[in-house]
Protein chains: 2
Amino acid sequence: MSSTDAAPTLDDVARLADVSTATVSRCLNTPDKLTKATRDRVLAAVKELGYTPNFAARSMAAKRTFTIGAIIPTMENAIFARGLQAFQEELDRRGYTLLVSSTAYKAEAEEKQIRNLVARGADGVLVIGHDRDPAIYDYLRQQRVPVLVTWSYDDAAPTPSIGFDNRAAMRTFAERVIGLGHRHIGMISSMSAQNDRARMRIAGVKDAMLAHRLDPATLDLIEVPYTFDDGENAFLQLMHRSPQTSIVLCGSDVLAVGAIRGARHMGLQVPADVSITGFDDIELAQVTHPELTTVHVPHHRMGKLAATELVAMIEEKREGVSQRLETTIVERGSVAAIKGAKR
Amino acid sequence: MSSTDAAPTLDDVARLADVSTATVSRCLNTPDKLTKATRDRVLAAVKELGYTPNFAARSMAAKRTFTIGAIIPTMENAIFARGLQAFQEELDRRGYTLLVSSTAYKAEAEEKQIRNLVARGADGVLVIGHDRDPAIYDYLRQQRVPVLVTWSYDDAAPTPSIGFDNRAAMRTFAERVIGLGHRHIGMISSMSAQNDRARMRIAGVKDAMLAHRLDPATLDLIEVPYTFDDGENAFLQLMHRSPQTSIVLCGSDVLAVGAIRGARHMGLQVPADVSITGFDDIELAQVTHPELTTVHVPHHRMGKLAATELVAMIEEKREGVSQRLETTIVERGSVAAIKGAKR
DNA sequence: ATTCAAAATGTAAACGCTTACAAATACGAT
DNA sequence: ATCGTATTTGTAAGCGTTTACATTTTGAAT
């Protein structure tokens, strides 16, 4: 209705409702501490003025923001979207707001983003993977901001994590495809520096090779950034220098989709001429042709559990407890057995 | 080094550097107003304490946050990712931080998100498309928060916009494909309620039909949400009820990719049996087979211009000026001409 | 040496909330 | 009616910055 000069404050509401500011504050935060009569009066005033509490003032006074920050490597593709969505939903349910920022996979960018989030008063922080400059962990500890790692599980790490064992997951998966008779193996990974997930997946493949008496040194590995184009280029390069490659394991579905396109552009049939696999099982894995055989990650569950745990860490002021989730293998159509394979 | 009990404040820094809090503040905000000697002393203290300014306190005192909020319909797919990335980069360059939140295409969720952003002190707000409850615009006006619309251009709208003419873009595109001889046209659109972009794209198709003496009433239109599955299901439904359909125009690349999968599952060849088109030209359009013929939107330019304009609105305290960007048609492989078409 | 304007620094009042504590009020038991 | 307790409301002190204004310092000009 009325259109005063500046944004209305608690004082304005208090004056209009003829109560103290404390009462207005209580009405907004702990409404059941008020008589219905006053509550209604205050609410009416709030509505009439179109009052919105000032977040900065509130969080300064309360020393709480009910905000949680998440730093993810990228928003450009959907890798983290589903998990984050679930994380956000659970947070919502518990009265927290999510602040997201992305680093474009630049380790240096992460520290800045984290400081920003903390400066903004994040009550807790969610990060992807364990690997990062120890200074970041020191800073977070000094600021007393709880951190939770996700997308990775490592019991031995000092930071609690809710995720899965990337190495074991990839190992199991690789063993399965090697069991199909593949001997000339290529791998396209994201850059492994400062990225334990990528590194562990590579290690997993090597574990599997070892288990099958293949020399891990023969793994034709190529590390690239994270786009479709990167995947395609890597694939072309790989097939060019190792034409006998029968399967290319990709560190992510995005890279795998790029690789499939590369195969098409080279005139190779997938999986008849070459098998290609992904990792993550994002929706994208089901729109390619052939659809992608990949490792399914429990995005939703992981996001939800992470939210639950992080909120508990904050509210109960306790250390986080790690939790290992299981991954599963999803066979679709991008892998074929080698003809004449023993098993 | 030291690890005091709570997060260090300006006061702590001031004490350590043996200056007043005002000096510390100036050192952080307008460093050239200080002697090099004091500046160095303060900076050293900042570093020693690991001081990070408290954002809430700062924005309360300065009544500025250098934060801009953006509300997008979804983060689940990459439709808005590229534009937002460019928006963010330009903002960064100008010293602003971006806060993003998404509504999952729920109109009701938008108001809440916007209030939240404003409460958090956003100096300006970016939204997608013009359509929304007028109450939202009223609120923003009352709070004196500049708003800029993007992904849509409408000279007549009261809110300034930096985008393209969805209707004209779709009309031109549809005319082109109709010119290829298609007479039985299907369309899969996002839900058009509270979504001028979707509505205008539909209108564009009808415009084109009219221009080609086709009855717009014969357009077989189906509206669904925004996922791959929605696109696939819509396609199946469409082809089931109108088997003679020769081309399906989709309101977005995501729906189109779903439709292509639907065609594959039905055993239909694209484009031999049926043509399918998209809209947006996100990277996804190039990983399907066939690659998608679509309307290219200048994501990057749009994001960058939006950032520039919104910051100008804030800093120069002036009305925004709208700007219309051009779209182009990208022909890839998902459209075929009807055999024996006149022209 | 003295003067004066300019530059550097300090003082202290906001900013809009929350909350400990104090005061007032309501209500049941006597 | 009176008292005591529980409930509701008010008072006012922070929370950590920025910034207008006041004060001090600096250094060039005399």
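Numbers restart at 1 for each chain; the letters A, B, ... are given by sequence-line order, proteins then strands. Heavy-atom basis, side chains included; hydrogens, waters and symmetry copies ignored.
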*Go through the steps to decide whether B:Lys106 and B:Glu111 satisfy the test salt bridge (Lys or Arg N to Asp or Glu O under 4.0 Å), and finish with yes or no.*
CA-CA 10 Å; B:Lys106 314 273 283 180; B:Glu111 176 158 11; over 6 Å; no

*Would you indicate what B:Ser59 reaches in the nucleic acid, counting non-hydrogen atoms under 4.0 angstrom: base, sugar-phosphate, or nothing?*
nothing

*With respect to the side chain of B:Asn54, which nucleotide from C:dT9, C:dC17, D:dG16 is positioned closest?*
D:dG16

*With respect to the phosphate group of C:dT9, does any side-chain polar atom (N or O) of B:Thr38 fall under 4.0 Å of OP1 or OP2?*
yes

*Provide, to the nearest angstrom, the distance between the NZ atom belonging to A:Lys33 and the P atom belonging to C:dA24.*
20 Å

*Rounded interatomic separation in angstrom, taking CZ from B:Arg58 and P from C:dC17*: 21 Å

*asked:* A cation-pi test, strictly: NZ or CZ of B:Arg64 under 6.0 Å from the centre of the six-membered ring of B:Phe66 and no more than 45 degrees from its axis. Yes or no?
replied: yes

*Please give, in whole Å, the distance from D:dT18 P to B:Phe66 CZ?*
11 Å

*Name all residues meeting the side-chain contact (heavy atoms from CB on, under 4.5 Å) criterion together with A:Pro31; count only those two or more places apart in sequence or in a different chain, and write none if there are none.*
A:Arg39

*Using a cut-off of strictly less than 4.0 Å, decide whether B:Lys63 has a side-chain nitrogen or oxygen near OP1 or OP2 of D:dT19.*
no

*To the nearest Å, give me how far apart OH (B:Tyr51) and P (D:dG16) are.*
10 Å

*With respect to A:Leu117, which candidate in A:Ile68, A:Thr67, A:Leu99 satisfies the side chain to side chain contact (heavy atoms under 4.5 Å, CB included) definition?*
A:Leu99

*B:Asn29 has an atom CG; how far is it from atom P of C:dT9, in whole Å?*
15 Å

*What integer distance in Å separates B:Leu28:CG from D:dG16:C1'?*
13 Å

*Does the pair B:Arg120 and B:Asn116 meet the rule for a side-chain hydrogen bond (donor to acceptor under 3.5 Å, both in side chains), with working shown?*
CA-CA 6 Å; B:Arg120 293 184 111 87; B:Asn116 192 291; 3.2 Å; yes

*When the distance from CZ of A:Arg64 to C1' of D:dC15 is rounded to whole Å, what number comes out?*
15 Å

*Whether B:Phe80 and B:Tyr105 hold their rings parallel, tilted or perpendicular, with breakpoints at 30° and 60°*: tilted

_Nearest whole Å is fine: how far is D:dG16 P from A:Gln143 CD?_
12 Å

_From C-beta outward on A:Leu34, which listed nucleotide comes closest to its side chain: D:dT19, C:dG16, D:dT9?_
D:dT9

_Which is more 5' along DNA chain C, the nucleotide nearest B:Ala61 or the one nearest B:Arg41? Just name the residue._
B:Arg41

*Kindly state which residues belonging to residues 10-26 of chain A come within less than 4.0 angstrom of DNA chain C, counting heavy atoms of the residue only, listed by number.*
A:Leu10, A:Ala22, A:Ser25, A:Arg26

*Does one side chain, of A:Thr65 or A:Asp123, offer a donor that lies under 3.5 Å from an acceptor on the other?*
yes

